[in-house]
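What follows is a short report on a single structure.
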Amino acid sequence: MSKRDYYDVLGVSKGASADEIKKGFRKKAKELHPDRNKDNPDSEAQFKEANEAYDVLRDADKKAAYDRFGHAAFENGMGGGGRPGGGFGGQGDFSSAFSDVFDDLFGDFMGGQRGGAGGGRRAARGSDLRYNLRVTLEEAFSGLQKTITVPAAVACSACDGSGAEGGVEPTTCPTCSGMGKVRAQQGFFTVERSCPTCNGLGQIIKNPCKSCGGAGRVEKERALSVNIPAGVETGTRIRLAGEGEAGMRGGPPGDLYIFVEVSDHKLFERDSVNLYCRVPVSMGKAALGGSIEVPTIDGGRGRVQIPAGSQSGRQMRLRGKGMPALRGGGVGDMFIELAVETPVNLTSRQKELLREFDDLGEDNHPESKSFFSSVKSFWDGMKG
C-alpha cells in the first residue's frame, strides 16, 4: 500500500511553517496516542505514521528532500538531502520526533513543573494548609474580624528562600540540565523519571544555607487577620490565597483554607437561615392568651401574641429575626415553639381553685368527656 502524503498525515498545507507543522503533529499525537485509543487497534499504526511524517518535516534538510523527491528521497538508503543512512525503513525515529513535543503533550501529567528546553525547572509550589475555626452563633450572625495564629513553613530570611548560603543562586543540575527529569527508552515508549541528582528540582546547591539546611524555608508561626462574613455556617470554607506554606527554594506559596464550625447554642437551633426556639408558657397564659417577650439572636427582644387555648408544640413566626444569608438574599425567620408548663409546688388555695376549675371545666374538654363516657360504657357492659 502506498504511503500517504506527510503533509496530509499531519493535516497541514505544503507551505506550512515549522511552528504550524509542530502544532499539527501535537494535535495528531494527542488524538492518536495508543494510550488514549485502547479500543482502536489501528491507533498505534496511525500514531507511528504521524511520528514518521513529523520526523521528516521538522528537519529542514529532510523536508527539502521530501518536497523535491517525495517518499523516494528516503528509499534505497538515501537520507535527507541525499545523505546515505538516513532512511526510515518504514518505522520512523520515535524517540527523536516524539520527544520534541513530549513536554507539550504530557507536561500537565508530569506535574506541570518543567520549563522550556534549557530554561530549567520551576521551583515547587508550597503546600496548601487547613485551619479549623470555631465561632459562636452570635458571631456567625454578625460576622467578625478574627486574628488567628498559623504554624507554617515560611521563606528563610537568611538566604531569601534560595536555600544557598549567602543568597548565592543554585546552579543548574548537570545530570538533567535543569529539567528535573531524566528520560530512558523502554521499547516503544520514552519513560521519564525524577532526576536522582537533584531529586527533581532541576538545581543543586553546593553550599546549603545553615539556617534552613538548603530547603529555602523554615517553620514559624504567623498571625493572620481573617474576615468572617455574616451568615457563615458549619462547613463554610474561606480561602486566603498565598498564605499557605512557602515553596521550596523560592517557589510560590500555597493557599490557606479556613473551615468554619459554628458552635451549638443553648437557646437557638439553626436550620439554614432560620432559627428555632422553644419558649416556656404558663398554663394560664396558654389558656387565656396574651403576649410574651422572647430573646432574639441580635441581642434584643421580640414580642409574640399567644392565641387563647394554645397547646404545647404550637409554632409562631417572627419574620426577619433569623440568620442572614451568606451571599446576600435577605434574612431568615425565627420560629417559636410553645411549651405549656404544668404548675408545681401549689399552695392550698391554688389546689382548691384548680379543683373547682376542673369540676367546672368538663365542658371545656370534650375529648376527655368522650373518653370517660366510653370507659363507663365498657365497664357497665362487663357488669351486665
Side-chain angles (χ1 to χ4, degrees), residues 125-155 217-246 252-282 285 291-306 310 312-341:
R125 178 180 180 272
S127 300
D128 293 334
L129 296 177
R130 171 175 178 151
Y131 186 93
N132 296 327
L133 178 64
R134 178 174 291 184
V135 298
T136 65
L137 187 62
E138 287 85 357
E139 289 173 331
F141 170 79
S142 60
L144 74 155
Q145 196 78 19
K146 199 173 186 69
T147 300
I148 62 175
T149 301
V150 182
V154 300
R217 57 186 189 179
V218 294
E219 293 293 329
K220 187 178 180 181
E221 287 192 344
R222 294 177 298 151
L224 298 174
S225 181
V226 183
N227 179 43
I228 308 298
V232 294
E233 53 187 314
T234 296
T236 298
R237 188 181 71 170
I238 300 172
R239 174 175 172 262
L240 298 182
E243 296 295 350
E245 287 196 336
D255 299 330
L256 172 64
Y257 291 91
I258 298 175
F259 286 78
V260 177
E261 179 185 355
V262 181
S263 301
D264 292 336
H265 198 275
K266 63 181 181 180
L267 181 60
F268 299 106
E269 290 186 8
R270 180 180 183 179
D271 183 10
S272 185
V273 294
N274 295 324
L275 293 177
Y276 294 82
C277 177
R278 187 176 174 85
V279 178
V281 179
S282 68
K285 183 79 72 174
S291 64
I292 59 171
E293 281 191 343
V294 293
T296 54
I297 190 63
D298 58 5
R301 301 187 73 82
R303 184 166 290 276
V304 179
Q305 189 68 31
I306 299 177
S310 294
S312 286
R314 180 167 187 167
Q315 283 191 347
M316 285 164 290
R317 175 186 295 186
L318 280 178
R319 296 189 180 276
K321 291 298 182 179
M323 300 291 291
L326 180 58
R327 294 176 178 85
V331 180
D333 300 327
M334 176 177 166
F335 292 86
I336 299 160
E337 180 179 327
L338 300 182
V340 180
E341 294 183 320

Shortest non-hydrogen contact between [X] and [Y], atoms and distance:
{"X": "Asp298", "Y": "Phe141", "result": "CB-CE2, 3.7 Å"}
{"X": "Pro229", "Y": "Ile238", "result": "CD-CD1, 4.0 Å"}
{"X": "Ser291", "Y": "Lys285", "result": "O-NZ, 3.7 Å"}
{"X": "Leu338", "Y": "Ser310", "result": "CD1-CB, 3.7 Å"}
{"X": "Gly244", "Y": "Pro253", "result": "O-CB, 4.5 Å"}
{"X": "Val262", "Y": "Ala140", "result": "CG2-CB, 4.1 Å"}

Would you give the length of the straight line joining atom [atom1] of [X] to atom [atom2] of [Y], rounded to the nearest 0.5 angstrom?
{"X": "Arg217", "Y": "Glu245", "atom1": "CZ", "atom2": "CD", "answer": "5.0 Å"}
{"X": "Leu318", "Y": "Ile297", "atom1": "CG", "atom2": "CD1", "answer": "13.0 Å"}
{"X": "Leu256", "Y": "Arg239", "atom1": "CG", "atom2": "CZ", "answer": "10.5 Å"}
{"X": "Glu337", "Y": "Arg278", "atom1": "CD", "atom2": "CZ", "answer": "5.0 Å"}
{"X": "Thr236", "Y": "Ile228", "atom1": "OG1", "atom2": "CD1", "answer": "9.0 Å"}
{"X": "Leu240", "Y": "Tyr131", "atom1": "CG", "atom2": "OH", "answer": "11.5 Å"}

For this session: Verify the neighbour count for atom CG of Asp264: are there more than 12 heavy atoms of other residues, nucleotides or ligands below 6.0 Å?
Result: no
Determine yes or no for a side-chain-to-main-chain donor-acceptor pair under 3.5 angstrom, with [X] supplying the side chain and [Y] the backbone.
{"X": "Asn227", "Y": "Gln145", "answer": "no"}
{"X": "Asn274", "Y": "Met334", "answer": "no"}
{"X": "Asp128", "Y": "Asp255", "answer": "yes"}

Exercise. Does the pair Val340 and Arg314 meet the rule for a side chain to side chain contact (heavy atoms under 4.5 Å, CB included), with working shown?
Worked result: CA-CA 10 Å; Val340 180; Arg314 180 167 187 167; over 6 Å; no
For this session: Please step through side chain to side chain contact (heavy atoms under 4.5 Å, CB included) for the pair Arg130 and Phe259, ending with a clear verdict.
Result: CA-CA 7 Å; Arg130 171 175 178 151; Phe259 286 78; 3.5 Å; yes
Problem set entry | Glu243 with Arg222: basic N within carboxylate O range, under 4.0 Å | yes
With a 4.5 Å heavy-atom cut-off, do [X] and [Y] have their side chains touching?
{"X": "Met316", "Y": "Ile306", "result": "yes"}
{"X": "Pro252", "Y": "Arg125", "result": "yes"}
{"X": "Met323", "Y": "Leu137", "result": "yes"}
{"X": "Val331", "Y": "Val273", "result": "no"}

Exercise. Passes side chain to side chain contact (heavy atoms under 4.5 Å, CB included), His265 versus Glu138? Steps please.
Worked result: CA-CA 9 Å; His265 198 275; Glu138 287 85 357; 2.6 Å; yes
Exercise. Partners of Glu261 by salt bridge (charged side-chain N to carboxylate O under 4.0 Å, His left out), sequence neighbours excluded?
Worked result: Arg134
Exercise. How far apart are the C-alpha atoms of Arg301 and Arg303, what are their side-chain angles, what is the distance that settles it, and do they pass the side chain to side chain contact (heavy atoms under 4.5 Å, CB included) test?
Worked result: CA-CA 7 Å; Arg301 301 187 73 82; Arg303 184 166 290 276; over 6 Å; no
